[in-house]
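Report on the structure given below.
Each chain gets a letter, A, B and so on, in the order its sequence line appears, and its residues count up from 1.
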Amino acid sequence: MATGVDQAVGMSLVVFSLLLFTYYSVWVIILPFVDSDHVLHKYFLPREYSVILPGIAAVILLLCIGAFTAVIMWKNRKPKKVD
Amino acid sequence: MNRRAPAHLKTLRRDGYVITLRRAEVAFERRLFPSSSPEILAAVLIMTKLVEWLFGVSVVGAAWALVSFDLLDLSLPQTYREVAWPMPLYLLVSFGCYSLATVGYRVATFNDCDEAAKELQGQIKEAKEDLRKKGLKM
């Protein structure tokens, strides 16, 4: 089995993704069928955010990937040789 | 075989062979691309997996658009439309969660190989000594 830190990181990733999946599923699929005066609605943001927040996350992810690529390519540039 | 078939039924395959299309294939391609060149014909014939996937995606996309934008005026209940509308985004998010969970699980259950690691370290030391003796500066 993998050692301490690896196991902790892996298990935390699994738990985080399970929580995210459950929360998002309830938000998108189950909440419209629940009466609007039920107490469950207190724990969820308005439904517009269920589209906006993943959009913002996707933009941030693309920004991070772009920044990482730019940094790597900047470090690897070679100065032009002068003949 | 090529002498019997007329020129407009022959097509150039990517591997360089000239083949003759069957009548049904010609009719299908003519309907889609009335003035196609042989290369386009050949390309669409070869990439049938892509065409298959595009067809599947467009069918699912059409079904989603029908339900969420009420294009056929079926007057479904408002809750069903509200659930169907964010479906593409929901599938993307659930795919992301599945990927994250798989990566996390594989990281947690990856096996360490202690003897192999020690052996590798020993071999690295050996190689360094050998190269140093032969004059390579480390």
Side-chain angles (χ1 to χ4, degrees), chain A residues 1-69 72, chain B residues 53 56-124:
Chain A
M1 290 296 283
T3 50
V5 179
D6 284 347
Q7 257 186 324
V9 168
M11 277 302 148
S12 66
L13 273 179
V14 172
V15 167
F16 171 71
S17 66
L18 275 176
L19 283 175
L20 189 64
F21 177 69
T22 331
Y23 186 86
Y24 198 69
S25 303
V26 171
W27 203 4
V28 170
I29 297 183
I30 298 183
L31 223 52
F33 293 107
V34 160
D35 292 327
S36 48
D37 50 357
H38 198 276
V39 74
L40 197 61
H41 282 274
K42 201 164 45 107
Y43 296 103
F44 292 92
L45 292 168
R47 263 181 80 81
E48 299 81 46
Y49 289 102
S50 78
V51 174
I52 294 173
L53 285 179
I56 294 180
V59 168
I60 292 178
L61 180 73
L62 285 175
L63 274 176
C64 288
I65 293 175
F68 177 74
T69 313
I72 295 292
Chain B
W53 273 82
V57 165
S58 54
V59 163
V60 171
W64 169 76
L66 272 175
V67 173
S68 65
F69 301 121
D70 215 9
L71 295 172
L72 281 181
D73 294 324
L74 287 174
S75 56
L76 292 164
Q78 177 65 19
T79 43
Y80 287 105
R81 291 186 56 192
E82 239 184 72
V83 168
W85 183 73
M87 264 309 129
L89 194 59
Y90 174 75
L91 289 173
L92 200 62
V93 169
S94 57
F95 173 70
C97 284
Y98 167 73
S99 311
L100 201 60
T102 310
V103 166
Y105 181 69
R106 296 269 166 86
V107 164
T109 55
F110 198 76
N111 286 325
D112 279 346
C113 318
D114 286 324
E115 310 101 39
K118 284 202 192 85
E119 196 184 324
L120 190 62
Q121 293 291 341
Q123 284 178 347
I124 291 175

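In plain terms, the two heavy atoms of Val83(B) and Pro32(A) that are nearest each other are CG2-CG, 3.7 Å. Contact detail for Ser17(A) and Ala101(B): the closest heavy-atom pair is OG-CB, 3.2 Å. Nearest heavy atoms, Arg47(A) versus Pro86(B): NH2-CG, 3.8 Å. Residues Val51(A) and Trp85(B) approach most closely at CG2-CZ3, 3.4 Å, considering heavy atoms.
Taking CG from Asp6(A) and OG1 from Thr109(B), the interatomic distance works out to 10.5 Å, rounded to the nearest 0.5 Å. Here the CD1 atom belonging to Ile52(A) is positioned 11.0 Å from the CG atom belonging to Leu89(B), to the nearest 0.5 angstrom. Taking CG of Leu20(A) as the start and OG of Ser94(B) as the end, the distance is 10.5 Å to the nearest 0.5 Å.
Surrounding CZ of Phe69(B) are more than 12 heavy atoms belonging to other residues, nucleotides or ligands, all under 6.0 Å away. Counting non-hydrogen atoms of neighbouring residues, nucleotides and ligands closer than 6.0 angstrom, the CZ atom of Phe33(A) exceeds 12 such neighbours. Around the CZ atom of Phe44(A), the shell of radius 6.0 Å holds more than 12 heavy atoms that belong to other residues, nucleotides or ligands. Around OH of Tyr23(A), the count of heavy atoms belonging to other residues, nucleotides or ligands within 6.0 Å exceeds 12. Crowding of Glu115(B) atom CD: a count of heavy atoms from other residues, nucleotides or ligands under 6.0 Å not exceeding 12.
Within the 4.5 Å cutoff, no side-chain heavy atoms of Leu100(B) are placed close to those of Phe21(A).
With a 4.5 angstrom heavy-atom cutoff, Ser12(A) does not touch chain B via any of its atoms.
By the 30° and 60° cut-offs, the orientation of the rings of Tyr90(B) relative to Tyr24(A) is parallel.
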